[in-house]
Amino acid sequence: MKKQIANNKKAYHDYFIEKEYQCGIALQGTEVKALRMGRCSIKESFIKIIGHEAFILGMNISPYEKGNIFNHDALRDRKLLLHKHEITKLKDAVQQAGYTLVPLRVYFLKHLVKVDIGLAKGKKLHDKRESIKKRDLKREAARSFKIGNL
């Protein structure tokens, strides 16, 4: 059972997502409580591989209201929990031209916080226009089908 916390719609608009990976995230005490309240944003975050470890940078988890001195830094770098072979595979893919790693969604899976990351290739302006055109045609077809069935 998944309970979604944050979704990165901008990633699907700006990138072609080639492959998705599910990974855990290392959190401090009050961060989990803040996530349970839905206080998370991954719109401007990205993933960087440093050495043999993957980190998510720019992920904003707002401080927990009742956390007082035990609160965390909202924009700190957080370690992603991946297997070593997955990290080396991602590192090799990112070194290819045009590939990057972006977070797609943050959610609870049972009692664990998980992050879906995507191996992505950037879209050009004409690609974005084409995907907008396809989405509009799909929406128009669904609308006409709905009107026809009434």
Side-chain angles (χ1 to χ4, degrees), residues 1-139 142:
M1 184 175 100
K2 288 184 182 181
K3 180 188 173 204
Q4 188 164 310
I5 303 166
N7 192 9
N8 192 357
K9 293 179 185 175
K10 189 176 179 186
Y12 291 101
H13 182 263
D14 292 342
Y15 300 100
F16 292 115
I17 307 299
E18 302 282 325
K19 192 163 184 181
E20 290 187 20
Y21 295 90
Q22 179 187 54
C23 60
I25 184 168
L27 298 172
Q28 291 179 344
T30 57
E31 289 178 327
V32 178
K33 291 185 178 186
L35 286 173
R36 288 204 186 278
M37 296 176 68
R39 299 178 176 253
C40 178
S41 174
I42 56 171
K43 285 183 182 171
E44 296 175 9
S45 61
F46 60 98
I47 295 162
K48 192 169 188 177
I49 297 176
I50 302 168
H52 295 291
E53 296 178 329
F55 292 92
I56 186 166
L57 309 170
M59 179 179 175
N60 186 0
I61 299 177
S62 300
Y64 181 59
E65 295 169 356
K66 299 172 182 135
N68 60 34
I69 62 169
F70 300 108
N71 264 337
H72 55 277
D73 181 25
L75 290 171
R76 74 176 186 89
D77 302 342
R78 293 168 179 89
K79 185 177 175 180
L80 294 176
L81 307 173
L82 289 161
H83 290 285
K84 194 172 189 177
H85 68 275
E86 289 177 323
I87 292 174
T88 55
K89 193 187 316 182
L90 290 172
K91 191 174 187 178
D92 292 341
V94 167
Q95 288 174 347
Q96 292 180 8
Y99 281 102
T100 188
L101 292 171
V102 291
L104 301 175
R105 66 190 69 81
V106 179
Y107 56 93
F108 282 105
L109 186 65
K110 297 183 182 174
H111 62 279
L112 302 173
V113 179
K114 297 288 185 178
V115 179
D116 279 352
I117 61 175
L119 182 64
K121 193 169 193 125
K123 283 186 181 179
K124 304 280 191 255
L125 182 62
H126 61 85
D127 292 330
K128 291 180 187 177
R129 287 183 187 148
E130 188 175 313
S131 61
I132 290 170
K133 193 185 302 181
K134 283 181 184 176
R135 185 183 67 220
D136 289 343
L137 287 172
K138 193 175 184 181
R139 188 178 299 144

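As the structure is a prediction and not an experimental result, all values here were calculated from the model. FYI, the numbering just counts along the sequence from 1.
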Quick one: list whatever passes side-chain hydrogen bond (donor to acceptor under 3.5 Å, both in side chains) with T30, sequence neighbours left out. N71, H72
Suppose we screen for side chain to side chain contact (heavy atoms under 4.5 Å, CB included). Which residues come up paired with D136, at least two apart in sequence or across chains? I132, R139
L119 side, atom CG; I17 side, atom CD1 - distance, nearest 0.5 Å: 8.5 Å
Output for pair (I25 CD1, L82 CG), nearest 0.5 Å, gives 10.5 Å
When rounded to the nearest 0.5 angstrom, what is the spacing between CD1 in I61 and CG in L27? 5.5 Å
Just grab all the ring pair (Phe, Tyr, Trp, His ring centres under 6.0 Å) pairs involving residues 7-37, residues at least two apart or on different chains. none
Residue pairs passing the salt bridge (charged side-chain N to carboxylate O under 4.0 Å, His left out) test with at least one member in residues 55-64, sequence neighbours excluded, are none
Could you give all pairs that pass the ring pair (Phe, Tyr, Trp, His ring centres under 6.0 Å) test and reach residues 79-110, with sequence neighbours left out? H83-H85
NZ of K114: more than 12 outside heavy atoms within 6.0 angstrom? yes
My understanding is that only residues two or more places apart in sequence, or in another chain, count here; which of them pass salt bridge (charged side-chain N to carboxylate O under 4.0 Å, His left out) with E20? R105
Residues in side-chain hydrogen bond (donor to acceptor under 3.5 Å, both in side chains) with R76, at least two apart? E31
Check whether any side-chain heavy atom of I50 sits under 4.5 Å from a side-chain heavy atom of F55, and report yes or no. yes
Restricting to salt bridge (charged side-chain N to carboxylate O under 4.0 Å, His left out), what partner residues turn up for R135, sequence neighbours left out? none
Any pair counted as side-chain hydrogen bond (donor to acceptor under 3.5 Å, both in side chains), so long as it reaches residues 37-56, sequence neighbours left out: R39-E65, E53-K79
Rounded to the nearest 0.5 Å, the CZ atom of R78 sits from the CG atom of L57 at a distance of 10.0 Å
Of all residues at least two apart in sequence or in a different chain, which pass the salt bridge (charged side-chain N to carboxylate O under 4.0 Å, His left out) check with E18? none
Would you mind listing every salt bridge (charged side-chain N to carboxylate O under 4.0 Å, His left out) that reaches into residues 3-14, with sequence neighbours excluded? D14-K128
All heavy atoms of C23 vs all of I117, minimum pair found to be SG-CG2, 4.2 Å
Taking every non-hydrogen atom, the tightest pair across P103 and N8: O-ND2, 2.9 Å
Quick one: closest heavy-atom pair of L75 and G58, and the distance? CD2-O, 3.9 Å
Nearest 0.5 Å, what's the CD1-CG distance between I42 and L104? 7.0 Å
Could you pull out all residues at least two apart from K110 that satisfy salt bridge (charged side-chain N to carboxylate O under 4.0 Å, His left out)? none
Looking at every non-hydrogen atom in both residues, tell me the closest pair between A54 and I87 and how far apart they are. N-CD1, 4.2 Å
